[in-house]
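Have a look at the structure below before the remarks.
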Amino acid sequence: MSKTFEEQQNQYAELIVKVGLNLQQGQKLILMSTLATAGFARVIARTAYEAGARDVIVEWTDEQMTAIRMKQAPEEALDEFPAWKANGMEEMAAEGAALMQIYAPNPDLLKDADPARVSRATKARALAMQKFNVYTRTSRISWLIASVPTPDWAAKLFADIADEGERMVKLWDTIFSMNRVSEADPVEAWREHIAQLTAKREWLNDQAFRKLHYKGPGTDLTIGLPEKHMWVSAQQQNEKGVTYVPNLPTEEVFTIPSKLEVDGTVTSTMPLNHAGQVIDKFSLTFREGRIVDCAAEVGLEALKQLIASDEGSHYLGEVALVPDQSPISQSGIIFYNTLYDENASCHLAIGSAYPFTLKGGTEMTREQLDEAGANYSIMHVDFMIGSAELDIDGERADGTRLPVFRQGNWV
Ligand code: ZN
Ligand code: ZN
């Protein structure tokens, strides 16, 4: 018998709290939600308390308020972000709180806003949150991002369905299915899935590739991998040794590119929803790691602003492999939500690298990370480059080459 909506929603919340966050008895939870996802935030809070949470501290935002501010706040205000907010988050992270973000942005929220103003505000927030972000980027605390439908998001995806309620049901069903919640035993299904990703990760680590060669329509790119790179997948460990899964869903196996060893051109295969603006059909050209040229059919100004955020946003910080056979890709839906789109497609990230993708990286100083080839930026923005036409070869230190991906899938 198929499960009711409530059963599936509760199982989804349990998957998030128990498998994703793996919330510990007595632990606090920082929960980030917009007003549009308040209903599910309450389900998470109930589930977290049931799992023994000491407290759930909610950080509410409102997309409409963001749009109003972006339109009307004086220029100089956009360069500011309240220090007390950033400090409060840091204080909780230092106490060992877990972090969950319900991520469901309206892709068209800031469609008509000035990209330069949006970029100023995005940058101010990223700068203020720099210290807090170390907790997530170095895996010191458990954190998780998951999505639920909102009317705006569902309208963008299913414009052909006239009724809002029907669009919401369709998006919920899609999310349940992509997260294996519609299966009889979601927790068991996840255990198997994590084991499969782990096997891929171990194979890649055994190969010890030093370079990856990408070839596809509009793409001819070579990415060097640092000697100490480590492939990482689904499950990670915080500084207390507690495992957690930071992304639900997750289909990727990823590592760190060598900052100065990226050469050639790469073309996007999916639109990128960045800070409320869509960038689409774009390409980037790299020389010795640095982005030296870019083009875009949609959102060129937003792309240029993103690259100009700081010095590190001219370089890559993540290389991720996702087969075209992933369920998200096979759904045929473009989600305009990076959490979903990045798990449908091989992707790269502009900006900061994750120190935990380098052997000993979480113990290294900024200078040591730099020396090891790890990029640093206030930004980390994934963009999708995978398709059924993408081939990837791995090259070992002795120059031998091995096919890794053919026509978008694992060889
Ligand atoms: Zn990724
Ligand atoms: Zn990423």
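Ligands are counted one by one from 1 in listed order, and the atoms in each one are counted from 1 as well. Positions are given from 1, in the same order as the sequence printed here. A quick note: this is a predicted structure, and the numbers were derived from the prediction, not measured.
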> Which one of Ile350, Thr285, Val266 satisfies the side-chain contact (heavy atoms from CB on, under 4.5 Å) criterion with Ile291?
Replying inline: Ile350
> In a check of side-chain contact (heavy atoms from CB on, under 4.5 Å) between Met70 and each of Asp112, Asp114, Leu78, which one passes?
Replying inline: Leu78
Relative to the Zn ion (ligand 1), which of the N, O or S atoms in [X] is the closest?
X	value
Glu318	OE2
Glu252	OE1
Glu342	OE1

> Taking all non-hydrogen atoms of both residues, which atom of Gly20 and which atom of Leu248 are closest, and how far apart?
Replying inline: CA-CD1, 4.4 Å
> Quick check: does His347 have an N/O/S atom under 2.8 Å of the Zn ion (ligand 2)?
Replying inline: no
>> I'd like to know if Asp206 and Arg201 make a salt bridge, using a cut-off of under 4.0 Å between side-chain N and carboxylate O.
In response: no
>> I'd like to know whether the aromatic ring centres of His347 and Phe254 sit less than 6.0 Å apart in this structure.
In response: no
>> Looking only at N, O or S atoms in Asp382, which is nearest to the Zn ion (ligand 2)?
In response: OD1
